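Working notes for the structure below.
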There are 2 protein chains.
Amino acid sequence: MTGPQDTDKDYVQSLARGLEVIRTFSRYKPRMTLSEVAQQTGLTRAAARRFLLTLVRENYAETDGKHFSLRPKVLDLGFSYLSALPMWEVAQPIMRDVVNSLQESCSLAVLDGLDIVYVARVPTERVMTIGLAIGSRLPAFCTSMGRTLLAGLPPRELAVYYDRVKLERRTPQTVANMVALKDAVEASRRQGYTLIDQELEMGLRSIAVPVRNRRSEVIAALNVGTQAGRTSADTMKTRFLPVLIDAGERIAASLPH
Amino acid sequence: MTGPQDTDKDYVQSLARGLEVIRTFSRYKPRMTLSEVAQQTGLTRAAARRFLLTLVRENYAETDGKHFSLRPKVLDLGFSYLSALPMWEVAQPIMRDVVNSLQESCSLAVLDGLDIVYVARVPTERVMTIGLAIGSRLPAFCTSMGRTLLAGLPPRELAVYYDRVKLERRTPQTVANMVALKDAVEASRRQGYTLIDQELEMGLRSIAVPVRNRRSEVIAALNVGTQAGRTSADTMKTRFLPVLIDAGERIAASLPH
DNA sequence: CACAAATAGTTCGTTATGCGAACAAAATAC
DNA sequence: GTATTTTGTTCGCATAACGAACTATTTGTG
């Protein structure tokens with residue numbers, strides 16, 4: 001496992017390695033033996049063992065003597081980020097109003113690399129086959145919130161994104177060529193909202209608007225998702241969009257100075 | 001800042017310190033300078049700087065050249081824990097059913113030390129003055145889910161809890177003496193649910209049931225919260241409790257083997 | 001049950017990781 | 001402009017963390 005190429009005196013390799021150990025646990029590997037962790041992370045068994053025992057000692061993990069698993073204290077790490085978000089506390093009541101008004105799921109996400117990351121979510125029903133919660137990631141290029149966030153990037157950062165993204169079709173509708181994606185992002189920027197129709201998953205339609213800070217920078221996206229069979233694109237534009245725009249503005253207005 | 005008392009060859013001090021740096025960010029300190037982080041964590045400035053630069057290098061944090069703040073990648077750490085939870089994916093649709101049925105907020109929590117930690121939440125409206133999300137912590141002794149989880153502890157672990165907990169009154173109704181708490185927990189165990197009436201916060205009433213694994217161990221608690229003025233304790237027992245019990249059983253039944 | 005294979009626990013010599021005091025540089029406050 | 005505070009950087013040093021190699025334990029197989 002590599003860190004920076006050259007010896008970097010300001011880099012704490014043990015911290016980076018330890019965080020990788022935490023990240024190696026997942027839905028598919030909720031609990032692992034010492035050797036499995038070593039294998040997954042590329043660490044030696046002795047090193048993996050020290051990291052795991054340190055996590056156990058600090059109550060981030062536990063062991064039954066053979067298998068290791070993470071403990072809820074790990075959520076504190078993510079919570080440090082969430083509770084530091086300026087919009088964190090004000091967004092949820094506003095999102096609940098959206099859900100009460102439209103009877104559809106509402107989510108808030110930020111851009112992180114090539115992905116969007118959910119930071120708040122008020123679900124009403126399962127509109128997608130995968131479960132989503134705070135911390136979930138989805139590709140930005142084929143989600144309504146993702147396109148909205150891309151549209152709000154400064155040109156240079158957007159160019160970097162286009163250079164790095166790999167457009168992989170998720171449904172027959174997925175916009176998977178660069179020219180079409182750029183047009184779509186530009187359209188999002190112009191019209192101030194994004195409507196995605198079954199690009200991420202068949203049957204899923206969602207609409208998103210930007211949430212801006214006081215300097216008019218796009219800092220998050222807010223969306224409502226529905227089943228395509230239940231709500232037409234026109235209805236989303238005429239009924240859902242005004243509610244979302246209002247909610248985005250209320251969140252923005254509630255941000256600290 | 002101290003680690004283990006004796007030199008412990010299996011303890012990675014840099015990992016423990018780095019995790020403390022992450023945890024030091026909060027709602028009150030969303031962004032900090034190098035010196036502030038050093039002061040908050042007890043590290044030297046040079047050490048704090050190396051940890052922060054490592055977090056920046058690994059995209060867990062960012063800096064504007066002076067202040068540091070966390071990035072969404074930190075949520076991946078908590079997400080490792082959440083996605084590894086056996087009940088994670090099945091619980092939310094069931095909780096949404098509860099919310100649709102009762103029109104009240106529904107949450108799922110686990111016990112961690114003296115606290116409960118929220119691992120899933122479907123809010124309907126603001127029943128509490130503080131915002132709650134995945135990762136939020138509340139004291140176990142004066143919450144419905146907390147009492148439920150305490151009731152499900154093996155006797156030895158419960159004894160340890162009683163030894164360590166400090167009962168601090170949150171409202172005039174808070175059960176804050178040990179005898180009364182033990183009686184309340186025992187009552188929760190006997191009746192298989194817990195109803196809390198304005199012990200955590202005035203105006204807040206909530207009812208919780210245990211979620212058990214296939215070995216009948218209590219692994220989480222599920223609750224519904226309401227405003228005391230809107231729903232009587234009797235209504236919670238007659239209308240809410242059957243729905244919650246059913247939901248708890250459905251979550252339990254959906255757990256993997 | 002015996003044996004082989006796999007995995008975990010431990011040791012310890014080694015080294016490079018991470019340390020922090022001290023200084024320089026930059027930013028901030030007055 | 002000066003004083004103060006904060007940040008950036010260096011570098012000698014101590015030891016934290018390393019991993020190879022071994023022992024011990026567990027698991028799987030015939």
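Throughout, protein chains are lettered first and strands after them, A, B, ... in sequence-line order, and every chain is numbered starting at 1. Predicted model only: the values in this text are computed from it and were never measured.
At a threshold of 4.5 Å between non-hydrogen side-chain atoms, the residues Met145(B) and Tyr118(B) count as touching.
Distance, Leu34(A) CG to dT7(C) C1': 8 Å, rounded to whole Å. Between the CE atom of Met32(A) and the C1' atom of dT7(C) there is a distance of 16 Å, rounded to whole Å. The CD-P distance, from Glu36(B) to dT28(C), rounds to 13 Å in whole Å. Rounding to whole angstrom units, CG of residue Asp10(B) and P of dG19(D) are separated by 14 Å. At whole-Å resolution of the value, OH in Tyr11(B) and C1' in dT17(C) are 17 Å apart. Separating the NE2 atom of His67(B) from the C1' atom of dT5(D) is a distance of 14 Å, rounded to the nearest angstrom. The CG atom of Leu53(A) sits 12 Å away from the P atom of dA8(C) (whole-angstrom rounding). Distance Leu15(B) CG to dC18(D) P: 10 Å, rounded to the nearest Å.
Taking only side-chain nitrogens and oxygens, Arg49(A) comes nearer than 4.0 Å to OP1 or OP2 of dG9(C).
Gly65(B) comes within contact range of the sugar-phosphate backbone alone, with a heavy-atom separation under 4.0 Å but no base atom that close.
Around CD of Gln39(A), the count of heavy atoms belonging to other residues, nucleotides or ligands within 6.0 Å does not exceed 12.
Partners of Arg27(A) by salt bridge (Lys or Arg N to Asp or Glu O under 4.0 Å), not counting sequence neighbours, listed by chain and number: Glu89(B).
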- Message: Treating primed atoms plus P, OP1 and OP2 as sugar-phosphate and everything else as base, which nucleotides of nucleotides 19-25 of chain C get B, S or - for protein heavy atoms under 4.0 Å?
- Response: BBBB---
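A salt bridge links Glu217(A) with Arg215(A); the closest basic N to acidic carboxylate O contact falls under 4.0 Å. The pair Arg31(B)-Asp64(B) meets the salt-bridge criterion, since a charged nitrogen lies less than 4.0 angstrom from a carboxylate oxygen.
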- For side chain to side chain donor-acceptor pair (under 3.5 Å), just list the numbers for Tyr11(A) and Glu58(B), CA-CA rounded to whole Å, side-chain angles, deciding distance to a tenth of an Å, and then say yes or no. CA-CA 10 Å; Tyr11(A) 187 76; Glu58(B) 297 294 334; 2.3 Å; yes
